[in-house]
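Chain A is the first sequence line, chain B the second, and so forth, proteins listed ahead of strands; every chain is numbered from 1.
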Protein chains: 2
Amino acid sequence: MFQVPAKTQYAIRALVHLARNGSDSAARIAEAQKISPKYLEGILNQLKLSGLVASDRGRSGGYRLAKDSESIAMIEVVRATEGEIRPVECVDRANLCALGDLCMPRKFWIGLKDAVNSYLSSVSLADLAEDSAFAFHANPSDEGE
Amino acid sequence: MFQVPAKTQYAIRALVHLARNGSDSAARIAEAQKISPKYLEGILNQLKLSGLVASDRGRSGGYRLAKDSESIAMIEVVRATEGEIRPVECVDRANLCALGDLCMPRKFWIGLKDAVNSYLSSVSLADLAEDSAFAFHANPSDEGE
DNA sequence: CGATATTCCTAGTATTCCCATAGGATATTA
DNA sequence: TAATATCCTATGGGAATACTAGGAATATCG
Ligand code: FES
Ligand code: FES
């Protein structure tokens, strides 16, 4: 349920790279971050369509962040690569369910969505790019396998 | 990233059914909850191995909750069907990481895992079973839009 | 006992999604 | 104009998911 697709991990690594290095071509990002070059091209294009990066074509072109890394919330990155957080279809389509708001499982999934959205909104790209400043939640993560 | 598999949704519906109806056979749960009967059998067996339900074989056998619904946290259900919450491999295996600054997002994923675990631990099966009868929407495969 | 109802076990299949690759078209500039 | 880059479309392999199938083991009831 919560396995993060490679695409999203690649997008994050690429954005962190841009946040640190300013501007670079897809080929060089792929090389530095050990990502399949042609695959990364498509990902960067998707990030562009979502307004997270800007691009310049031609000989001295490349990609750069479209906004300051402080103002890019990680939820925007996830939305760019995977779309809206939606554990089950009915979370934003109450008409699929006979009881709508009274449907307890639906409320349960909405609560999960809210928890995830809340966390992803609270972390910015800058937090990941300046790892010294980033402190993760101190909740117990004791569970074994 | 957060699409919940049908298997987990089925498991939840089956458990809510048991919480409300006390005890029932796989076939009748499947019928009432509109779940593929043979598929549900395997799911219930998985829930048994995880200690969430108990079963009796033979003519008047069936499944029942192994604990009070108040003491079944939803995270146990998710773990039973999908295993440990693990956004990326390295969250509980730091030794996998031999990549220098490529691994920096690890704290970020751990924070996400904690946020999800925290929410799923805060909701019990009883919270979902409390309302009066309700209708779940159709199986994922039935959606006709 | 014997018919019946149930869980339990194993294997197979169809489909969908994910990851990656390939080949080029278009744009910019040194 | 040659080189470098983004942009576009199509496709295939592999893994996971959702289900299907058949039957073996077990318990109950008449
Ligand atoms: S609409 Fe999804 S559970 Fe009711
Ligand atoms: S591989 Fe994920 S933190 Fe290093």
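Contact annotation for B:A27: no contact, since no heavy-atom pair falls under 4.0 Å across all strands.
In this structure the side chain of A:L15 never reaches within 4.5 angstrom of the side chain of A:I12, judged on heavy atoms. Under the 4.5 Å side-chain criterion, counting only non-hydrogen atoms from C-beta, B:R86 is in contact with B:E89. Within the 4.5 Å cutoff, the side chain of B:Y119 has heavy atoms near those of the A:F108 side chain.
Atom CD of B:E31 sits in a sparse spot, with 12 or fewer heavy atoms from other residues, nucleotides or ligands closer than 6.0 Å.
For the pair B:K38 NZ and C:dT6 P, the interatomic distance rounds to 13 Å; values are reported in whole Å. We find that CG of A:L40 is positioned 13 Å from C1' of D:dA5, with the value rounded to whole Å. Separating the CG atom of A:L44 from the C1' atom of D:dC7 is a distance of 12 Å, rounded to the nearest angstrom. Per the geometry, CD belonging to B:E41 stands 15 Å off P belonging to C:dA5, to the nearest Å.
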Give me, pair by pair, the N or O atoms of the protein and of nucleotides 12-16 of chain D that are less than 3.5 Å apart, along with how far apart they are.
none

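Looking at B:S71, its side chain does come within 3.5 Å of a backbone N or O of B:D68 through a donor-acceptor pair. A donor-acceptor pair under 3.5 Å links the side-chain atoms of A:R106 to the main chain of A:V91, judged by distance alone.
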Under a 4.0 Å heavy-atom criterion, the protein footprint on nucleotides 10-20 of chain C, written with B, S and -, is ---------BB
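Here B:Q33 contributes atom CD and B:L18 contributes atom CG; the two are 9.0 Å apart, rounded to the nearest 0.5 Å.
Across residues 45-63 of chain A, A:N45, A:K48, A:S55, A:D56, A:R57, A:G58, A:R59, A:G62, A:Y63 each have a non-hydrogen atom less than 4.0 Å from an atom of DNA chain D (numbered order).
Contact check on A:R64 versus A:D56 returns a salt bridge, with a Lys/Arg side-chain nitrogen under 4.0 Å from an Asp/Glu carboxylate oxygen. Salt-bridge check for B:K67 with B:E76: passed, with a basic side-chain N closer than 4.0 Å to an acidic carboxylate O.
Here the closest heavy-atom approach between residue B:A80 and residue B:L52 is recorded as CB-CD1, 4.1 Å.
Between A:Q46 and A:T81, the side chains place no donor N or O within less than 3.5 Å of an acceptor N or O (distance only, hydrogens not considered).
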